> 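My structure is below; once you've seen it, I'll send some questions.
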Amino acid sequence: MFLGTEDGRRLAANRTGEGPPVVLVHGSAGGLDSWDPIVPLLRDRYELWTYARRGYAPSDSDVGLKTFGDDVTDLHAVLTAAGGTAHVVGASYGATVVLHAGLSLPGIRSLVVFEPPVFSAGPALAGALGRYRALLDAGDLLGAARLLAVEVARVPAPVLPAITAPPQPEAIGCLHDLEAMTVDTTDIARWSGITVPTLLLQGSDTWPPMPDTMEALAAALPSAARTVLPGQSHFATHTAPDLFASALAEFLRKHD
């Protein structure tokens, strides 16, 4: 299905399952299929909503310079379609989106925040944004993907061979995400304004500076629950979907 946003964008969305609604927000280099390993494990207990954020086909991809405010507008459209209230789960960049939404959107019953890269934001990313755009214009999709991995996600060298060239529509989505990050801030203390029940979820083996980032988030949100997925990293939704889904279900049951 396609949903309309308040500013006239079209979002591709899927709904499946029965129960309390849960909206799943994908990270960079993702899309409608990002949550495919998780959805079958939860759809017997929850109505699950997945969508392609603006900038990612088949949602509108010609979106101009994007901000996190645009991502919150999109999430609001999905929340409205889900009946106006829902649990909200975000992974990676999508987790930063749900943090922003937690400060402003009504109707959020709870938040699950998996490893948001909030350590990468602000004018310091302007150079990376310019280089990424140039690589994309030159058709060097692998170079663009690895630049994003190294300079934004700070992926360590041993992990880089696993980074492959994405399809061009996915690379365009990453460009728009990087635009939003460049005009954001690294201020973690602002998330202390979130009042809904929140789970901070992370892998035990994710590379720096994510562990320190999650500690800083926990300090900003002292009432948040925390779960660490043993033996997992930033790719836990795909490497350990059973473990990830179990952590989600345990938290969501407490707030249905």
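None of the values given here were measured: they were computed from a predicted structure.
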> In chain order, what residues pass the side chain to side chain contact (heavy atoms under 4.5 Å, CB included) check against His255, with sequence neighbours excluded?
His87, Ser110, Pro197, Phe251
> Can you tell me if Tyr132 uses its side chain to pair, donor with acceptor, with the backbone of Cys174 under 3.5 Å?
no
> Hydrophobic cluster membership, with links at side-chain heavy-atom distances under 4.5 Å among I/L/V/M/F/W/Y: are Leu103 and Val118 in one?
yes
> Here's a test for you: under salt bridge (Lys or Arg N to Asp or Glu O under 4.0 Å), which of Asp71, Asp74, Asp184 qualifies with Lys66?
Asp71
> Checking Trp49 now: which residues fulfil side-chain hydrogen bond (donor to acceptor under 3.5 Å, both in side chains) with it, not counting sequence neighbours?
Glu47
> Do Ile163 and Leu148 share a hydrophobic cluster (ILVMFWY, side-chain heavy atoms under 4.5 Å, transitive)?
no
> Give a yes or no answer on whether the side chain of Arg53 reaches the backbone of Gly27 with a donor-acceptor pair at less than 3.5 Å.
yes
> Please determine whether residues Tyr93 and Leu201 belong to a single hydrophobic cluster, defined as Ile, Leu, Val, Met, Phe, Trp and Tyr linked transitively by side-chain heavy-atom distances below 4.5 Å.
no
> Applying side chain to side chain contact (heavy atoms under 4.5 Å, CB included), run through Met181 and Phe68 and close with a yes or a no.
CA-CA 8 Å; Met181 296 170 79; Phe68 278 106; 4.1 Å; yes
> Report yes or no: does Ser59 contribute a side-chain atom to a donor-acceptor pair with the main-chain N or O of Ala12 at less than 3.5 Å?
yes
> Which pair of non-hydrogen atoms, one from Ala77 and one from Leu3, has the smallest distance, and what is that distance?
O-CD1, 4.2 Å
> Taking ring pair (Phe, Tyr, Trp, His ring centres under 6.0 Å) as the test, write out the residues that go with Phe235, two or more places apart.
Trp207
> Could you tell me whether a side-chain N or O of Ser246 sits under 3.5 Å from a main-chain N or O of Asp242, the two making a donor and an acceptor?
no
> Not counting sequence neighbours, which residues clear side chain to side chain contact (heavy atoms under 4.5 Å, CB included) with Ala124? List them please.
none
> Does Glu18 form a side chain to side chain contact (heavy atoms under 4.5 Å, CB included) with Asp44? I'd like the steps, not just the answer.
CA-CA 6 Å; Glu18 298 289 338; Asp44 61 337; over 6 Å; no
> Nearest 0.5 angstrom please: Thr198 OG1 to Ile108 CD1, how far?
9.0 Å
> Please list all pairs passing the side-chain hydrogen bond (donor to acceptor under 3.5 Å, both in side chains) test where one or both residues lie in residues 164-173, with sequence neighbours left out.
none
> For Glu250, enumerate each residue passing the salt bridge (Lys or Arg N to Asp or Glu O under 4.0 Å) test, keeping only those at least two apart in sequence or located in another chain.
none
> Report yes or no: does Tyr56 contribute a side-chain atom to a donor-acceptor pair with the main-chain N or O of Ala29 at less than 3.5 Å?
yes
> Within the side chain of Glu115, is there an N or O that forms a donor-acceptor pair under 3.5 Å with the backbone of Ser92?
no
> Can you sort out the partners of Arg43 under salt bridge (Lys or Arg N to Asp or Glu O under 4.0 Å), two or more places apart, ordered by chain and number?
none
> Give every residue pair that meets the side-chain hydrogen bond (donor to acceptor under 3.5 Å, both in side chains) criterion with at least one member in residues 28-40, sequence neighbours excluded.
Ser28-Asp177
> Checking Arg190 side chain against Asp187 main chain: does a donor-acceptor pair fall under 3.5 Å?
yes
> Sequence neighbours left out, what pairs pass side-chain hydrogen bond (donor to acceptor under 3.5 Å, both in side chains) with at least one residue falling in residues 149-163?
Arg131-Glu151
> Could you check whether any side-chain N or O of Asp70 sits under 3.5 Å from a backbone N or O of Thr67, counting only pairs where one atom can act as donor and the other as acceptor?
yes
> What about Leu200 and Leu24, same hydrophobic cluster or not, with Ile/Leu/Val/Met/Phe/Trp/Tyr joined at side-chain heavy-atom distances under 4.5 Å?
no
> Does the Ser120 side chain pair with the main chain of Val152, one donor and one acceptor, at a distance under 3.5 Å?
yes
> Who are the side chain to side chain contact (heavy atoms under 4.5 Å, CB included) partners of Ala216, not counting sequence neighbours?
Ile188
> Can you get from Leu199 to Val113 by hopping between Ile, Leu, Val, Met, Phe, Trp and Tyr side chains that sit under 4.5 Å apart?
no
> What pairs of residues pass the side-chain hydrogen bond (donor to acceptor under 3.5 Å, both in side chains) test when at least one of them lies in residues 3-12, not counting sequence neighbours?
Thr5-Asp7, Glu6-His76, Asp7-Arg54
> For Leu41 versus Pro241, what's the shortest heavy-atom pair and its separation?
CD1-O, 3.4 Å
> Sorted by first residue and then second, give each ring-ring contact (aromatic ring centres under 6.0 Å, His included) pair with at least one member in residues 163-204; sequence neighbours left out.
His100-Trp191
> Within the side chain of Thr206, is there an N or O that forms a donor-acceptor pair under 3.5 Å with the backbone of Ser204?
no
